[in-house]
Structure formats: C-alpha cells, structure tokens
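When reading the values below, keep in mind they use all heavy atoms of this one structure, side chains included, and skip hydrogens, waters and symmetry mates.
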Amino acid sequence: MIENFKLSNRLQKCADMVTKSSKIADIGTDHAYLPIYLALNKYISFALACDLREGPLRIAQKNISDYNLNSVISTRISNGLENINENEVDEIIIAGMGGNMIVNILKNCSWKDKISKKFIIQPMKYENRLRKFLYESGYKIEKEEAVICSEKVYTAMLVKFIGKKISFTPEQEYIGALLDNKNSEINFETKAYLRKQIKDLKNHQKGAISKQNKIQEKYYGDIISFLEKFI
C-alpha cells in the first residue's frame, strides 16, 4: 500500500467495493483522488476521471501527472455518463452527489441497463429516493455498507442492473441492503446510520401528526419500530 496517499473514509468505502483489475470511470472525480489511489495500489487496470468542470479536471490532471499515472488514468469532461462509451469501462463510481442527481445521471445514460455493468454509488443525501428509483428500474443493491466520515454517516452501495423491477418493503427504501446480513453482529457504523434514519423518520412522522394524517403517521411509525429493534 502507498502510505502517503490516504482517502477519506467515505471514498475508501467506495474503493473497497471495486473489483480487482477492472476498468473504472469515476464520475464527478473532482481532483481524481479515488482513481489515483486505486491505480497506486494496483487495484485497477484503467480509469477515466470525469468531471463536468474544467477547473477541477486541470487539478486532477496535475495530480495524475505528479504520481506518474498518465498511462493508467485519463481525464475527460463529461456531464454524468454522457461522454463515456459503454465498452470503455467495467464499473462506474458515482460518489459525493445527492441521490436526486445520481438518479438523473442514470436516467440520462443510454447504456445504463447493460447487465455487465456494475455501479458503486455513494449518495450524500436523499438515499431513499435513490433506492426507490433503483428498485423500480431493475437494479439490485448487491451490497450496502454504512461509513462515518467527518462526523457524518453515509452509505455506499454496489449495484447491478438485473433487468426486472424489484419489490421492496418500506423499510428497504430507508436502509436498502444494510441489514441483509443481520444475523451477524451489526457494526457501529450501521447502527449510526439506523439512528440517523430513525431521526429523519420521526421528523416525517411529526409532520404527519401535525396534518392529522393517520395513515402516514402509522406508516412512519411502523418503519421506526422496525429499525429500533437493531440499535
């Protein structure tokens, strides 16, 4: 491992989900820290570091050159997946964006439904909206893990298109696949994420109570009761 190049916990969680020797695209790469880390540690064979903005990509290119990785990492201006061909990469990383933006990126990609493609997704907010879209659009969340970074808790998902709509419970909209291995011990990060979701759900429930909406009040209450069993 390269000792002098560290990722944030959030990006490290994404890096840990990358398949060994794969070709990846990092969407919204900013300064290309994630592909640089993956290349330095021989995790990937090739990377596209993509961003919508020229400024961050210039810095990314300098960083790539500083680490002598020009033969492994290429930079490219791209609005989401717009300027990426389906056969260029095996796995796509979309990290550090809101869930709504990630949904739009996937919706606007003409080849997003290729079964061979995997997506590593790390939303900053609106995870429930993202999960709902994934389930309803034929994507399976194969793996999901919580991660704490800068005193905030996030989730990272390994997603694959399987071509059929997936039924999901109200609880899964809020926690996805986090509890798929609930027979094993639930770690600190997962419990922190559950507490965060419970807090948000209680706020939604208060809103339902103020509107005297008994159906929504019970809906949120049932999810809260389910999640509280695991913390």
Side-chain angles (χ1 to χ4, degrees), residues 1-3 5-51 60 63-64 67 69-76 78 80-81 83-97 99 102-103 105-106 109-124 127 130-131 133-135 137-147 149 154-164 166 176-178 180-181 184 187 189-190:
M1 301 289 284
I2 304 298
E3 295 298 333
F5 195 95
K6 301 290 186 182
L7 293 176
S8 67
N9 290 345
R10 183 174 58 81
L11 290 182
Q12 183 65 57
K13 183 66 70 175
C14 295
D16 292 343
M17 291 185 176
V18 172
T19 303
K20 181 77 171 177
S21 302
S22 61
K23 298 177 181 179
I24 65 112
D26 182 30
I27 308 304
T29 195
D30 198 30
H31 297 165
Y33 295 139
L34 182 53
I36 288 172
Y37 173 87
L38 291 168
L40 284 174
N41 291 287
K42 312 295 184 185
Y43 287 170
I44 56 172
S45 59
F46 172 75
L48 279 175
C50 305
D51 206 284
N63 292 338
I64 292 164
Y67 282 94
L69 293 171
N70 290 296
S71 63
V72 182
I73 306 173
S74 295
T75 58
R76 185 177 299 175
S78 183
L81 298 165
N83 293 331
I84 300 171
N85 298 321
E86 64 177 88
N87 295 321
E88 286 187 284
V89 296
D90 310 307
E91 301 182 0
I92 298 96
I93 302 170
I94 310 175
M97 302 181 194
I102 295 172
V103 167
I105 287 173
L106 292 176
C109 177
S110 61
W111 48 262
K112 64 182 182 299
D113 298 342
K114 298 295 181 181
I115 291 178
S116 60
K117 301 301 179 190
K118 287 187 177 181
F119 297 83
I120 296 165
I121 299 173
Q122 188 279 300
M124 302 297 280
E127 306 98 300
L130 172 60
R131 292 191 192 97
F133 166 80
L134 293 172
Y135 289 132
S137 303
Y139 292 88
K140 180 182 179 183
I141 303 175
E142 295 192 328
K143 182 179 182 180
E144 184 165 3
E145 295 182 354
V147 58
C149 184
Y154 304 99
T155 182
M157 314 171 192
L158 179 61
V159 175
K160 188 174 182 180
F161 180 75
I162 62 171
K164 62 180 180 180
I166 298 172
L178 276 177
D180 278 8
N181 296 316
S184 59
N187 63 28
E189 290 83 1
T190 300

*Does a side-chain heavy-atom distance below 4.5 Å link Ile84 with Trp111?*
yes
*asked:* Quick check: do Asp90 and Ser116 have side-chain heavy atoms less than 4.5 Å from each other?
replied: no
_Side-chain heavy-atom pair Asp26, Ile73 within 4.5 angstrom cut-off_ = no
*Which one of Ile120, Leu130, Val159, Ile102 satisfies the side-chain contact (heavy atoms from CB on, under 4.5 Å) criterion with Ile94?*
Ile102
*Salt-bridged, Glu88 to Arg76, with N to O below 4.0 Å?*
yes
*Locate the shortest heavy-atom distance separating Val72 from Ala39; write the atom from each residue and the value.*
CG1-CB, 4.0 Å
*NZ of Lys117: more than 12 outside heavy atoms within 6.0 angstrom?*
yes
*What residues form a side chain to side chain contact (heavy atoms under 4.5 Å, CB included) with Lys160, not counting sequence neighbours?*
Ile115, Lys118, Glu142
*Val147 versus Gln122: any side-chain heavy-atom pair under 4.5 Å?*
no
*Test item: Ile93 and Leu38 side chains (from C-beta on) under 4.5 Å apart, heavy atoms*: yes
*If you take all heavy atoms of Tyr154 and Cys149, which pair is closest and at what distance?*
CE1-O, 3.8 Å
*asked:* If you compare all heavy atoms of Tyr135 against all heavy atoms of Gly176, which two are closest, and at what distance to 0.1 Å?
replied: OH-CA, 3.5 Å
*Listed by chain and number, what are the side-chain hydrogen bond (donor to acceptor under 3.5 Å, both in side chains) partners of Glu127, not counting sequence neighbours?*
Tyr193, Lys196
*Under the 3.5 angstrom rule, does the side chain of Glu144 hit a backbone N or O of Ala177 as a donor-acceptor pair?*
yes
*To the nearest 0.5 Å, tell me how far Thr19 OG1 sits from Tyr43 OH.*
13.0 Å
*Rounded to the nearest 0.5 Å, what separation is found between the CD atom of Glu145 and the SG atom of Cys14?*
10.5 Å
*Just how far is it from atom NZ of Lys143 to atom CG of Asp180, taken to the nearest 0.5 Å?*
12.0 Å
*Determine whether Met17 and Glu91 make a side-chain contact, defined as any pair of heavy atoms from C-beta on separated by less than 4.5 Å.*
no
*For Ser21, does its backbone N or O pair with a side-chain atom of Ser45 as donor and acceptor, under 3.5 Å?*
yes
*Decide yes or no for Ile64 and Asn70: does some side-chain heavy atom of the first lie under 4.5 Å from some side-chain heavy atom of the second?*
yes
_How long is the straight-line distance from CG of Asn9 back to CD of Glu189, given to the nearest 0.5 Å?_
8.5 Å
*Rounded distance [0.5 Å steps], NZ in Lys112 versus OG in Ser137*: 7.5 Å
*asked:* Looking at Lys20 and Lys42, would you say the former's side chain and the latter's main chain have a donor-acceptor pair under 3.5 Å?
replied: yes
*asked:* Minimum heavy-atom separation for Val89 and Ala25, please, with both atom names.
replied: CG1-N, 3.8 Å
*Side chains of Cys50 and Thr29: closer than 4.5 Å at any heavy-atom pair?*
no
*Check the surroundings of atom NZ in Lys164: do more than 12 heavy atoms from other residues, nucleotides or ligands lie under 6.0 Å from it?*
no
*If a pair satisfies ring-ring contact (aromatic ring centres under 6.0 Å, His included) and one of its residues is in residues 6-36, list it, with sequence neighbours excluded.*
His31-Tyr33
*Could you state the interatomic distance from CD1 (Ile27) to CG (Leu48), rounded to the nearest 0.5 Å?*
8.0 Å
*Take Phe119 and Leu81, measure what side chain to side chain contact (heavy atoms under 4.5 Å, CB included) needs, and give me the verdict at the end.*
CA-CA 12 Å; Phe119 297 83; Leu81 298 165; 4.2 Å; yes
*Taking all non-hydrogen atoms of both residues into account, name the closest pair between Ala146 and Lys13 and its distance.*
O-CE, 3.7 Å
*Picking from Leu106, Asp113, Leu134, what satisfies side-chain contact (heavy atoms from CB on, under 4.5 Å) with Phe161?*
Asp113
